Amino acid sequence: MKSSSFIKRFQLLMVCTLLDAFPSMAQQAGPSGFSFSSATGLIWLLFALLMVTFFSVLVLRQKAEDIKNGHKRKSGKEQEHSFNAHIRNLNSKQISRLINYKRNTGNGKTLPILLVLLLLSGGSLWAQGTENQVSGSIWNETGILITIILLLIPILFAIIFLVVKLTNALNQSKNQQNLEDAEKLASYLRSLPIEEIDTELKKRKKALDFRLNNKELTGDQPAEDEKGLLQINEQTGLPIVAIKKKALPRPNIDPELSRMILWYLGCATFWLLFGTTIGEYVGIKFVAPDADHVSWLSFGRLRPVHTNAVFWGWASLGMLGLGYYVVPRVSNTRLANMKYGWYALWLINGAVILGTLCLMAGINNGGGEYREYIWPVTLLFALGIILTLINFLQTIARRTTKEIYISNWYIVAAIIFTIVITLVAYIPYWQNGLGETIVQGYYMHQGVGMWFMLFTLGIVYYFLPQQLNKPIYSYSLGILAFWTQILFYTLIGTHHFVFSSIPWWLQTVAIVGSGGMAIPVIAGTTNFIMTFKGAWYKIKDSYTLPFFLVGIIFYFTGSMQGTAEAFRSTNLIWHFTDFTVAHSHLTMYGIISFFLWACIYAVIPRLTGKEAPQITIGAHFWLALVGLMFYTIPLMYGSTLKGLLWMEGKPFIDGVILMAPYWLWRAIGGSLMWLSHLFFAYNMYKMLAVRHVIDVRETAIQKLSDSNSSAHTIA
Amino acid sequence: MEFFDNHKKLFGTAALLFVVLTTFVAIMPAIRNQNNNQPLPNAEPLSADAVKGKAIFIANGCVACHTQQVRNVDMDKIWGGRPSLAADYADIHRTDLWRNTATLMGTERTGPDLTDVGNRQPSKDWNLVHLYNPRIVVKESIMPAYTWLFTIKKEPSKSDVVVNIPAQYFNGQDGKVVATQDALYLIAYLQSLKQTKLPDGTETPAFLYKKEEKKAAAANGAEPDGQAIFTANCQSCHQANGEGLPGAFPPLKGSPIVLGDDLEKYVDIIMNGYDAREEFGVMPPVGTNAQFTEHELAALINYERSSWGNNGKKVTPDEVKKILDFVKLKAAK
């Protein structure tokens with residue numbers, strides 16, 4: 001554990017160091033690029049040097065101590081004690097040689113015994129540490145820092161040289177000591193009477209020679225598997241990917257419902273591919289703004305096409321499809337109305353198609369993010385979720401369980417709230433002047449937090465325990481998170497307009513609410529992580545659990561990052577920069593998409609009985625995760641520099657020049673993410689496609705039963 | 001608990017809590033702000049052309065990159081003379097039956113803020129060239145090129161607005177680039193974006209989070225960076241190489257005004273703008289808009305006099321101060 005955490009820290013350090021290289025690149029890119037004050041880098045170098053020196057001194061001190069201890073002479077009793085210890089630690093080979101020697105005693109050979117005790121001798125030595133007692137202001141002087149570093153380098157080399165020399169001397173003296181001890185031990189052994197130690201030694205030798213025969217538990221009989229627990233992989237040989245457990249088929253799902261869920265998930269996959277293809281192209285336009293000059297494909301029109309397609313097409317349809325599985329299942333009843341389910345699918349797909357066409361044609365609602373669809377388009381979406389709400393409520397009303405499982409709390413609440421949010425956002429009576437901005441702040445954040453987050457949490461509360469095959473850790477934490485999410489999340493919308501002309505008190509309420517979000521986030525994360533407790537080993541043979549784990553990690557980090565961004569001090573640096581873009585990808589992609597993939601990979605094999613190849617699922621997972629990191633980390637780093645540059649009052653165009661390499665990294669990360677979606681689409685195809693591959697065993701059994709029944713009819 | 005096992009009570013309570021909170025943090029503040037704010041007395045409503053231009057601005061999603069809000073923080077000072085107020089947006093109403101109100105405040109500033117762009121960049125020529133392809137005038141810009149707002153005509157009529165575009169930007173096609181009516185509407189909208197002056201006697205709201213070091217540096221006698229001032233205020237027309245843009249913006253390299261002895265005229269042009277030469281676009285009162293101090297002005301003049309092969313006489317802030325006071329007085333008249 002310790003070493004792995006060290007490695008992680010080291011990697012982090014490496015990443016930081018690599019990123020530190022960027023400002024210099026940016027400087028080359030433009031005539032007046034921005035850089036951190038150059039003293040910072042020097043202070044880091046100085047710090048590193050000091051650390052190395054410090055550790056060398058520590059090592060030296062340790063050696064000196066060892067040498068000091070080795071010099072202490074041993075008393076007679078201690079000596080005998082150490083001889084006995086040596087005898088106890090003899091290995092089997094050495095024992096047989098000792099017995100042999102004793103049998104042919106009189107032969108004066110010494111025993112070549114390997115000793116591994118540490119016996120050290122030497123003096124004490126104090127290396128000169130670095131005592132740089134320099135007052136604070138001097139630390140900012142580049143010249144002084146360079147001087148200190150230059151001074152430190154030879155001192156450091158001297159210390160390293162000293163350590164090497166001392167270690168050699170130490171080894172020599174240690175060997176000398178060991179040789180003397182060996183001599184003494186040999187004479188002691190020689191003097192021992194054979195009968196005194198013979199039985200003892202033989203017993204010890206037998207114990208050392210003991211080996212398991214691997215049949216202690218099983219016996220000699222072949223294995224019998226009465227409960228069908230064993231899954232033996234017939235294809236031996238070196239696997240390219242780890243073999244994971246197969247999904248268990250669940251035959252008692254209404255095939256009609258199953259078909260509808262698959263349609264939802266299939267459409268979601270299409271919108272993911274479509275939406276992220278657009279997103280990828282929009283990202284490329286930051287690097288190549290002259291990629292095309294077509295009005296329908298211009299940046300300002302495509303950006304909302306991307307966001308809305310992945311929001312209302314991919315994530316919403318994906319969530320609803322999974323919701324149609326979860327809600328009847330945890331209510332232990334059939335879905336109330338299959339028709340409404342199909343209508344909702346048509347309506348929502350229709351909304352995204354129409355909305356996309358409108359946006360590309362330049363017909364939009366007038367500016368608010370995620371509110372770009374004009375009201376007739378959004379009306380279709382709203383009707384879709386109203387039908388879903390009726391459907392789910394009716395299903396829950398005829399549940400056969402007494403309590404309502406927590407998943408249904410989250411899912412139904414998400415739909416109710418989203419209907420309220422949509423109404424507030426599109427009813428025109430409070431939208432003039434600043435009213436529009438206040439509603440926009442409320443809308444854009446409630447859409448994210450109350451629709452996507454709440455609904456997805458509901459799905460995870462079903463699928464995570466199901467995939468781990470153990471109950472959720474705490475029902476109460478789930479309930480706490482539910483009510484606190486409503487209480488705090490509703491307040492935070494206007495934190496997108498901090499320092500704008502909306503009332504100061506409303507901004508403060510939003511910031512306080514953002515702080516309060518720590519409660520539901522920590523409660524939810526704790527709940528999921530504690531559900532994992534005792535089942536971590538399952539991750540290695542599951543291909544869904546890694547997706548869940550990534551989702552949980554980003555649920556915590558992404559959400560808490562949102563809180564951090566809301567404060568006035570951080571808003572100063574990050575507001576209006578691409579930091580927000582990075583944040584929304586960490587959350588909408590890191591949390592929502594990863595959770596959705598986890599649940600989709602969990603549910604579809606249960607519905608179709610087919611699984612995707614593990615290697616392409618692995619490719620999907622890693623490309624998406626690595627891509628997301630490439631996308632977000634450079635963007636966050638660059639935006640921080642850009643915010644600082646703005647605060648210093650540098651020309652605006654300098655910020656654009658500064659961002660160029662980070663935008664390139666974003667495009668690279670985005671490409672990896674997009675590639676991962678191709679793998680996901682392929683996996684969907686593999687899980688859904690009806691393939692006519694004849695299964696040898698299945699067909700053979702079928703043939704037997706066929707001939708049986710035909711025999712019956714003849715009879 | 002009995003209460004949570006009843007779906008009507010459970011979901012009813014959750015919905016009620018959400019609706020009540022929504023009313024308090026969204027609907028009521030929205031209605032209050034909509035009803036209690038009036039446009040400033042000297043605010044000018046958009047012209048008919050500007051209204052059409054705003055529709056084009058909305059249709060093309062320009063708000064994705066351009067904000068229209070000056071926040072009350074020190075770093076936003078470059079975008080306007082004062083922080084934006086609720087009153088600045090009070091006159092914006094629902095666009096039409098299909099479209100919502102467009103305050104266009106924005107949440108991303110990938111491009112410059114446009115609150116006061118009508119004062120900052122009033123030149124129609126610059127705006128048209130920039131709109132056709134921003135990289136003609138700002139090399140590093142990543143703004144889309146709006147070529148579809150222009151047509152190419154072999155023989156433009158007298159009423160056509162011809163835009164002077166370097167040949168490499170329209171792929172060797174024959175003819176002249178002519179702005180469409182839509183382009184002209186859009187420019188009309190951009191030119192109309194000017195921060196309204198507060199009525200006399202009204203206290204201007206303060207910018208917060210003032211930068212302390214800047215003042216300290218000025219007190220210590222460190223001069224501002226002339227190149228940075230040039231980049232921020234002059235470069236988009238006169239270009240980084242000081243050569244301007246033929247047919248649109250005059251060069252500063254070897255310019256008789258930059259290198260000449262008439263410091264008063266030089267300062268006057270920077271502070272109050274210039275429109276004496278037919279062949280070039282109108283220069284806005286850059287210095288007045290940016291509220292240059294004598295220190296900044298001296299740094300800028302010295303930069304322009306010592307760059308691109310220019311070799312003019314250096315000036316001191318004290319010299320500039322006298323002329324600046326005089327030039328301001330002249331402008332006031």
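Sequence lines set the chain letters: A, B, ... in the order given, protein chains first and strands last, and positions in each chain run from 1. Since this is a predicted model, take the numbers as computed values, not measurements.
Interface remark: of the candidates A59(B), P83(B), A232(B), S84(B), A59(B) forms the most heavy-atom pairs closer than 4.5 Å to chain A. Of the listed residues C65(B), A86(B), C62(B), the one with more heavy-atom pairs under 4.5 angstrom with chain A than any other is A86(B). Between chain B and the residues F299(A), Y489(A), W483(A), W409(A), the most heavy-atom pairs under 4.5 angstrom are made by W409(A). Of the listed residues (I92(B), D225(B), N100(B)), the greatest number of heavy-atom pairs within a distance under 4.5 Å of chain A belongs to N100(B). For the set W646(A), Y426(A), Y429(A), F482(A), the entry with the most heavy-atom pairs within less than 4.5 Å of chain B is W646(A). Highest contact tally toward chain A, considering only D76(B), L21(B), L104(B), T95(B), is held by L21(B) [criterion: heavy-atom pairs under 4.5 Å]. Ranking G366(A), G433(A), S295(A), G435(A) against chain B, the residue ahead of the rest is S295(A), based on heavy-atom pairs under 4.5 Å. When each of A397(A), G513(A), G441(A), P304(A) is scored by its heavy-atom pairs under 4.5 Å with chain B, the top score falls to A397(A). Ranked by heavy-atom pairs under 4.5 Å with chain B, the list V656(A), V439(A), I653(A), V424(A) is led by I653(A). If you tally non-hydrogen atom pairs under 4.5 Å between each of N365(A), L434(A), I363(A) and chain B, the highest count goes to N365(A).
For R135(B), the part lying under 4.5 angstrom from a heavy atom of chain A is the side chain only. If you measure heavy-atom distances from M143(B) to chain A, the contacts under 4.5 Å come from the backbone alone. Contact of T147(B) with chain A is made through the side chain alone, with heavy-atom distances under 4.5 Å. Heavy atoms closer than 4.5 Å to chain B are found in both the backbone and the side chain of E403(A). Residue Y443(A): no heavy atom, backbone or side chain, is found under 4.5 Å from chain B. Contact of V63(B) with chain A is made through the side chain alone, with heavy-atom distances under 4.5 Å. For W574(A), no part lies under 4.5 angstrom from a heavy atom of chain B. Interface residue T577(A): only backbone heavy atoms are found under 4.5 Å from chain B. Proximity to chain B is limited to the side chain of I416(A), based on heavy atoms less than 4.5 angstrom apart. When heavy atoms are compared at a cutoff of 4.5 Å, L85(B) approaches chain A solely by way of its backbone atoms N, CA, C and O. Heavy atoms of L572(A) lying under 4.5 Å from chain B belong to its backbone as well as its side chain. For a residue to count as touching a neighbouring chain, one of its non-hydrogen atoms must lie under 4.5 Å from one of that chain's; by this rule V287(A) does not touch chain B. Of the two parts of I427(A), neither the backbone nor the side chain holds a non-hydrogen atom closer than 4.5 Å to a non-hydrogen atom of chain B. Neither the backbone nor the side chain of D74(B) comes within less than 4.5 Å of any heavy atom of chain A. With a threshold of 4.5 angstrom between heavy atoms, M659(A) does not approach chain B through any atom at all. Contact of Y442(A) with chain B is made through the side chain alone, with heavy-atom distances under 4.5 Å. For a residue to count as touching a neighbouring chain, one of its non-hydrogen atoms must lie under 4.5 Å from one of that chain's; by this rule L506(A) touches chain B with the side chain only. Only the side chain of E436(A) comes within contact range of chain B, with heavy atoms under 4.5 Å apart.
Put simply, CE on M75(B) and CD1 on I573(A) are 8.5 Å apart, with the number rounded to the nearest 0.5 Å. Separating the CG atom in D5(B) from the CD1 atom in I404(A) is a distance of 6.5 Å, to the nearest 0.5 Å. Atoms CD and NE2, from Q394(A) and H7(B) in turn, are 9.5 Å apart once rounded to the nearest 0.5 Å. In this structure, the separation between CG on L208(B) and CZ on F499(A) is 7.0 Å, given to the nearest 0.5 Å. Rounded to the nearest 0.5 Å, atoms CZ (F652(A)) and OG (S236(B)) are 12.5 Å apart. To the nearest 0.5 Å, atom CD1 of residue I657(A) and atom CD1 of residue I142(B) are 11.5 Å apart.
The environment of CZ in R94(B) is crowded: more than 12 heavy-atom neighbours from other residues, nucleotides or ligands sit within 6.0 Å.
P29(B) has its side chain within reach of W505(A): a pair of non-hydrogen atoms, C-beta onward, lies under 4.5 Å apart. Under the 4.5 Å side-chain criterion, counting only non-hydrogen atoms from C-beta, T437(A) is not in contact with Q69(B). Side-chain contact check for D290(A) versus N133(B): some heavy-atom pair is nearer than 4.5 Å. Side-chain contact between E108(B) and V581(A): present, with at least one pair of heavy atoms (C-beta onward) separated by less than 4.5 Å. Side-chain contact between F286(A) and T110(B) is present, with at least one heavy-atom pair separated by less than 4.5 Å. Using a 4.5 Å heavy-atom cutoff, the side chains of M647(A) and Y209(B) are not in contact. Residues R301(A) and N60(B) meet the side-chain proximity criterion, which asks for heavy atoms closer than 4.5 Å. Considering only heavy atoms from C-beta on, T67(B) comes within 4.5 Å of F576(A) through its side chain.
Between the side chain of T101(B) and the backbone N or O of Q431(A) there is at least one donor-acceptor pair closer than 3.5 Å. No side-chain donor-acceptor contact under 3.5 Å links Q440(A) to the backbone of G106(B).
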Assess whether side chain to side chain donor-acceptor pair (under 3.5 Å) is satisfied between S298(A) and Y146(B), documenting all intermediate values. CA-CA 8 Å; S298(A) 71; Y146(B) 290 90; 5.0 Å; no
Worked check of side-chain contact (heavy atoms from CB on, under 4.5 Å) between T490(A) and F18(B): CA-CA 7 Å; T490(A) 319; F18(B) 185 68; 3.6 Å; yes
For a side-chain contact (heavy atoms from CB on, under 4.5 Å) check, start with the C-alpha distance between V19(B) and V420(A), then their side-chain angles and the critical distance, and finish with the verdict. CA-CA 7 Å; V19(B) 169; V420(A) 175; 4.1 Å; yes
Give the C-alpha distance, both sets of side-chain angles, the deciding distance and a yes or no for side-chain contact (heavy atoms from CB on, under 4.5 Å) between F392(A) and F11(B). CA-CA 12 Å; F392(A) 283 179; F11(B) 295 131; over 6 Å; no
Please test S501(A) against M105(B) for side-chain contact (heavy atoms from CB on, under 4.5 Å), starting from the C-alpha separation and ending with a verdict. CA-CA 10 Å; S501(A) 34; M105(B) 268 196 187; 3.6 Å; yes
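Ring geometry for W98(B) against W375(A) counts as parallel: the plane angle stays under 30°, on a 0 to 90° scale with 60° as the upper cut.
The minimum heavy-atom distance linking A14(B) with I486(A) is given by the pair CB-CD1, 4.1 Å. In this structure, P289(A) and S141(B) approach most closely via the heavy-atom pair CG-O, 4.1 Å.
When only modelled atom types and interatomic distance are considered, H575(A) and R71(B) share no side-chain donor-acceptor pair under 3.5 Å.
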